[in-house]
Amino acid sequence: MKKISLKDIAALAGVSPSTVSFVLNGKEKQMRISEDLANKVRAVATKEGYKPNQVAVSLRTGQSKILGLIVESIGGNFFGALAKVIEKEADKNGYRIVYCSTENDPVKGREMLRMLSNSQVDGYMITPVNGMEKDVLELVKAKKPVVLIDGYFPDIPAPYVLVNNLAGVTQGMNHLIAKGYSKIGFVTVDIELVQIREREQAYLAALKKHKLGASRKLILTLEYNYDKEAGVKAICKFIKDHPELDAIFFATYYLGISGLQSIQDLKLRIPKDL
DNA sequence: GCTCATCATGAACGACGGGT
DNA sequence: ACCCGTCGTTCATGATGAGC
């Protein structure tokens with residue numbers, strides 16, 4: 001069976017295609033189309049199960065009503081929850097989301113950007129990875145709508161939405177310090193992301209502010225894609241090498257999980273020993 | 001003859017294929 | 001090598017008829 005087009009509906013209803021278009025797009029008032037005719041057109045369209053040809057709509061309007069979302073990873077709590085909200089808001093406004101991930105690989109990030117571009121998406125939401133600067137800049141130069149999420153490029157004039165890394169870490173540190181801990185370690189990763197750097201800076205700033213001797217000696221930096229076991233071992237060694245530690249701050253939730261494993265392996269008790 | 005309501009006409013969108 | 005029609009849809013503009 002042939003796909004029913006707007007023209008078919010028009011022929012069946014005995015009106016012109018434009019009339020059908022206006023009615024189905026809710027512009028019958030604006031176009032002064034009588035209520036009776038509008039109802040008739042709607043009835044025919046529903047009966048025939050008419051669905052607009054999105055390719056043609058895009059061709060005509062220049063809009064795809066699709067937004068591209070590039071996140072760090074599709075799995076995981078943070079980006080999963082984020083995507084859910086974004087999808088919901090997009091849906092409210094008649095947009096759909098194409099969803100892909102970079103795994104913090106700039107090559108893959110660029111590949112995804114090109115894919116989205118070829119798919120004619122109307123806008124981009126991107127969690128930036130170092131190495132994507134040129135491509136993002138190109139989008140901005142081309143006046144494409146771009147929003148960066150959970151990170152930004154200082155030199156690129158694109159709007160961004162961030163977690164308040166500074167306030168979050170500061171609040172956490174203040175809590176530990178208020179509880180009387182003074183030898184606080186910091187475990188982070190060596191990835192070049194602004195949010196990670198900000199967290200480390202906030203950690204150091206908190207120590208400095210409370211005159212607890214801000215130094216890098218109590219900072220452990222793991223490789224970003226650290227092996228699970230190796231990471232746990234490294235944290236164990238870090239704790240053993242620094243017996244003066246009475247508290248540890250983990251820069252990310254996955255580091256925290258590894259850290260809990262390490263602490264358990266060392267048979268230390270929380271919060272008695274650490 | 002004029003105004004208003006009501007609906008139709010036709011061009012345009014971008015890429016591709018077929019015809020000269 | 002170039003032009004032109006094709007797809008389905010949208011929208012500015014035009015056309016028709018009714019009522020005064």
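Order of the sequence lines sets the chain letters (A, B, ...), proteins ahead of strands, with each chain counted from 1.
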Please collect all side-chain hydrogen bond (donor to acceptor under 3.5 Å, both in side chains) contacts where either partner lies in residues 109-123 of chain A, sequence neighbours excluded, each pair once.
A:Ser64-A:Asp122
Rounding to an integer number of Å, can you tell me how far A:Gln63 CD sits from C:dT10 C1'?
12 Å
With sugar-phosphate meaning primed atoms plus P, OP1 and OP2, does A:Val15 contact a base, only sugar-phosphate, or nothing at under 4.0 Å between heavy atoms?
sugar-phosphate
May I have the list of side-chain donor-acceptor pairs in residues 133-142 of chain A shorter than 3.5 Å, sequence neighbours left out?
| from | atom 1 | to | atom 2 | distance (Å) |
| --- | --- | --- | --- | --- |
| A:Glu133 | OE1 | A:Gly131 | N | 2.8 |

At under 4.0 Å between heavy atoms, what does A:Ile33 touch on the DNA or RNA strands: base, sugar-phosphate, or nothing?
sugar-phosphate
Please identify each residue that fulfils salt bridge (charged side-chain N to carboxylate O under 4.0 Å, His left out) with A:Glu35, with sequence neighbours left out.
A:Lys29, A:Arg42
In whole angstroms, the gap separating P of C:dT10 from CG of A:Leu6 amounts to 6 Å
From the list C:dG8, C:dC11, C:dT10, which nucleotide is the closest neighbour of the side chain of A:Ser5?
C:dG8
For A:Glu89, what residues pass the side chain to side chain donor-acceptor pair (under 3.5 Å) criterion, not counting sequence neighbours?
A:Lys92
Main-chain N/O of A:Lys7 paired with A:Ser5 side-chain donor or acceptor, under 3.5 Å:
yes
Distance test, side-chain N/O of A:Lys27 to OP1/OP2 of C:dC11, below 4.0 Å:
yes
Looking at residues at least two apart in the chain, or sitting in another chain, which of them share a ring-ring contact (aromatic ring centres under 6.0 Å, His included) with A:Tyr181?
none
Going by heavy atoms closer than 4.0 Å, what residues in residues 42-56 of chain A are next to DNA chain C?
A:Tyr50, A:Pro52, A:Asn53, A:Ala56
Got a sec, which residues hit salt bridge (charged side-chain N to carboxylate O under 4.0 Å, His left out) with A:Asp246, two or more places apart in sequence or on another chain?
none
Listed by chain and number, what are the salt bridge (charged side-chain N to carboxylate O under 4.0 Å, His left out) partners of A:Arg197, not counting sequence neighbours?
A:Glu192
Range on DNA chain B touched by chain A - first to last nucleotide, heavy-atom distance under 4.0 Å
B:dA5 to B:dG14
Does a side chain donor of either A:Ser18 or A:Ser21 reach within less than 3.5 Å of an acceptor in the other side chain?
no
Please identify each residue that fulfils side-chain contact (heavy atoms from CB on, under 4.5 Å) with A:His242, with sequence neighbours left out.
A:Leu218, A:Phe238, A:Glu244, A:Leu245
Quickly work out the A:Asp8 CG to C:dC7 P distance and round it to whole Å.
12 Å
Nucleic acid footprint by protein, nucleotides 12-20 of chain C - heavy-atom cut-off 4.0 Å, B for base, S for sugar-phosphate alone:
B--------
Who are the salt bridge (charged side-chain N to carboxylate O under 4.0 Å, His left out) partners of A:Lys237, not counting sequence neighbours?
A:Asp241
